[in-house]
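Report on the following structure.
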Amino acid sequence: MKRKVTKAVFPVAGMGTRFLPATKSIPKEIMTLVDRPLIQYAIDEAREAGIRDFIFVTARGKQSLEDYFDSAPELEKSLRQKGKKDLLQELKRTDMDSGAIAYVRQKEALGLGHAVWCARRLIGNEPFAVVLPDDVIHGGRACLADMVETHRETGGNVVATMEVPKEKVSSYGVLGFDEDDGSRVRATSMVEKPAAEDAPSNLAVIGRYVLTPQVLQNLNRKERGAGNEIQLTDAIAKEIDGETGVYGQRFEGQRYDCGSKAGYLQATIAFGLARDDLRAELSDFIANLDLSAGADAAADI
Ligand code: UTP
């Protein structure tokens, strides 16, 4: 019997070194796009895909993430007294039902595969989603919802994919594939961070997965891969020739790599421009930017 996908794992135990010194005290997932933390976008997408149980794989120094999902009675009382209904409504979206959210610790950052493995007891023997909050997708139908649908139809493992320029493939897991109906491909190989000349295609894997419990069994072997880390990609790749296979899902909307500085800044601008209350002022600012002045200022630092 095929089981519904109701659980999602959010691995947030990485050190976020690309955002040091900020990430010395602020978890990367709490950094905001306009006024909402990255994690909120990930939660909203998961909810749209039917996820009801949220499992966070955390590490030391991530308490503010747990606080973010806690209720804030004093703040709510004060907003109620001041009649700020819109803000109260906005706060409600961050609420999690008691028992809907669970935290497990990854004691050592041994890689994404290891982080997912840390959640194995909470996942149990059922299909599950994995969402990396630093990959933010703007616009279009929720990527994860399409992936859950593909899993429902095929029973297979599903990874989100997008075409990237050939010179960038070495930053991603990359799929080789045969069948391709335009939105879904069937994978024939999957390689983590290949050199451009070894890459099977330019179809890169980004941070959304719907996986079968067999992948957790594969992670049990704790095999090290690229960068000497326990790679999720390797554990998924083992299923390509398995019973259910691996599918790549293309998605609508624009993906921003908010784990990188340039991606994060681009997302900030895109999300700002999408807001009715900010668009005019922000576009005016961008239109009047003196780009050469920016370079001069940088040279002075
Ligand atoms: P990244 O490769 O972006 O690593 O992890 P990072 O530590 O977050 O950031 P940098 O590269 O040092 O700047 C991708 C995702 O996997 C999680 C991260 O939290 C992020 O969501 N992760 C990675 C873990 O939970 N544990 C790990 O051991 C590694």
Side-chain angles (χ1 to χ4, degrees), residues 7-33 37-43 45-46 51 54-66 68-69 101-123 128-137 143-144 159-160 162 164 168-174 191-194 204-209 211 215-216 219 222-236 255-267:
K7 295 181 180 173
V9 179
F10 299 83
V12 292
M15 289 186 275
T17 51
R18 284 171 288 173
F19 277 96
L20 280 170
T23 42
K24 207 175 145 197
S25 65
I26 308 166
K28 184 168 62 172
E29 303 72 29
I30 286 293
M31 296 193 330
T32 55
L33 289 178
L38 295 181
I39 193 68
Q40 187 65 53
Y41 295 97
I43 295 283
E45 186 182 330
I51 299 297
F54 302 82
I55 303 166
F56 286 84
V57 182
T58 67
R60 279 178 294 280
K62 300 272 181 174
Q63 288 85 343
S64 56
L65 194 69
E66 299 193 21
Y68 177 75
F69 290 115
I101 192 160
Y103 300 93
V104 285
R105 282 270 173 128
Q106 184 190 28
K107 286 188 168 179
E108 225 184 321
L110 297 178
L112 177 58
H114 181 259
V116 171
W117 177 82
C118 289
R120 67 200 178 283
R121 293 202 180 90
L122 293 172
I123 298 166
F128 61 100
V130 177
V131 179
L132 305 192
D134 40 12
D135 268 337
V136 178
I137 302 170
C143 171
L144 198 65
V159 298
M162 60 181 264
V164 299
K168 297 245 167 99
V169 288
S170 62
S171 305
Y172 295 90
V174 178
V191 206
E192 186 61 32
K193 301 190 170 61
V205 176
I206 65 132
R208 303 284 184 277
Y209 311 80
L211 302 174
V215 172
L216 292 176
L219 285 170
K222 305 245 187 80
E223 287 165 4
R224 305 274 183 148
N228 200 32
E229 292 192 343
I230 299 172
Q231 296 285 355
L232 185 59
T233 304
D234 297 343
I236 300 171
R255 172 255 186 185
Y256 294 95
D257 175 9
C258 292
S260 80
K261 291 185 190 91
Y264 177 72
L265 291 171
Q266 287 160 19

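Atoms within a ligand are numbered from 1 in the order they appear, just like the ligands themselves.
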- [ ] Evaluate the criterion side-chain contact (heavy atoms from CB on, under 4.5 Å) for residue pair Arg121 and Val104; output intermediate values, then yes/no.
- [x] CA-CA 10 Å; Arg121 293 202 180 90; Val104 285; over 6 Å; no
Open item on the list: Applying a heavy-atom cut-off of 4.0 Å, say which part of Val57 lies close to ligand 1: side chain, backbone, both or neither.
Closed with: neither
- [ ] Could you tell me whether the side chain of Lys193 and the main chain of Ala226 form a donor-acceptor pair under 3.5 Å?
- [x] no
Task: Residue pair Val205 / Ile236, side-chain heavy-atom distance below 4.5 Å - done: no
Open item on the list: Are any of the N/O atoms on Gly16, whether in the backbone or the side chain, positioned under 3.5 angstrom from an N/O atom of ligand 1?
Closed with: yes
TODO: Without swapping roles, check the side chain of Lys62 against the backbone of Glu29 for a donor-acceptor pair under 3.5 Å.
DONE: no
- [ ] Would you mind checking which non-hydrogen protein atom is closest to atom 12 (O) of ligand 1, with the distance to 0.1 Å?
- [x] Thr17 OG1, 2.5 Å
Task: Plane angle bin for Phe56 and Phe10 - parallel if under 30°, tilted between 30 and 60°, otherwise perpendicular - done: parallel
Task: Reported CD1-to-CZ distance for the pair Ile39 and Phe54, which is rounded to 0.5 angstrom - done: 10.0 Å
Open item on the list: Counting non-hydrogen protein atoms only, what is the nearest one to atom 14 (C) of ligand 1? Give residue, atom name and distance.
Closed with: Leu132 CD1, 4.2 Å
- [ ] For atom 17 (C) of ligand 1, find the nearest protein heavy atom and state the residue, atom name and distance (0.1 Å precision).
- [x] Pro11 O, 3.5 Å
TODO: Determine yes or no for a side-chain-to-main-chain donor-acceptor pair under 3.5 angstrom, with Arg208 supplying the side chain and Val130 the backbone.
DONE: no
Open item on the list: Show the atoms of ligand 1 that are less than 4.0 angstrom away from any heavy atom in Ala115.
Closed with: 24 (C), 25 (O), 26 (N)
Task: pair Leu33-Leu38: side-chain heavy atoms closer than 4.5 Å - done: yes
Open item on the list: Quick test: of every protein heavy atom, which one is nearest to atom 23 (C) of ligand 1, and how far off is it to 0.1 Å?
Closed with: Gly14 CA, 4.1 Å
TODO: Answer with side chain, backbone, both or neither: which part of Gln106 has a heavy atom less than 4.0 angstrom from an atom of ligand 1?
DONE: side chain
Task: Which of the ligand 1 atoms, numbered from 1, are nearer than 4.0 Å to a heavy atom of Ala109 - done: 28 (O)
- [ ] Decide whether an N or O pair under 3.5 Å exists between Met15 and ligand 1.
- [x] yes
- [ ] Return the residue, atom name and 0.1 Å-rounded distance of the protein heavy atom closest to atom 8 (O) of ligand 1.
- [x] Lys28 NZ, 2.7 Å
Task: Polar contact flag for Leu112 and ligand 1 (N/O pairs, less than 3.5 Å) - done: no
TODO: Determine whether any heavy atom of Gly111 lies closer than 4.0 Å to an atom of ligand 1.
DONE: yes
TODO: Give the contacting part of Ala13 toward ligand 1: side chain, backbone, both or neither, where contact means a heavy-atom distance below 4.0 Å.
DONE: both
TODO: Please identify each residue that fulfils side chain to side chain donor-acceptor pair (under 3.5 Å) with Asp257, with sequence neighbours left out.
DONE: none
Task: Listed partners of Tyr172 passing ring pair (Phe, Tyr, Trp, His ring centres under 6.0 Å), at least two apart - done: none
- [ ] Could you say whether the N/O atoms of Arg18 and ligand 1 ever approach to under 3.5 Å?
- [x] yes
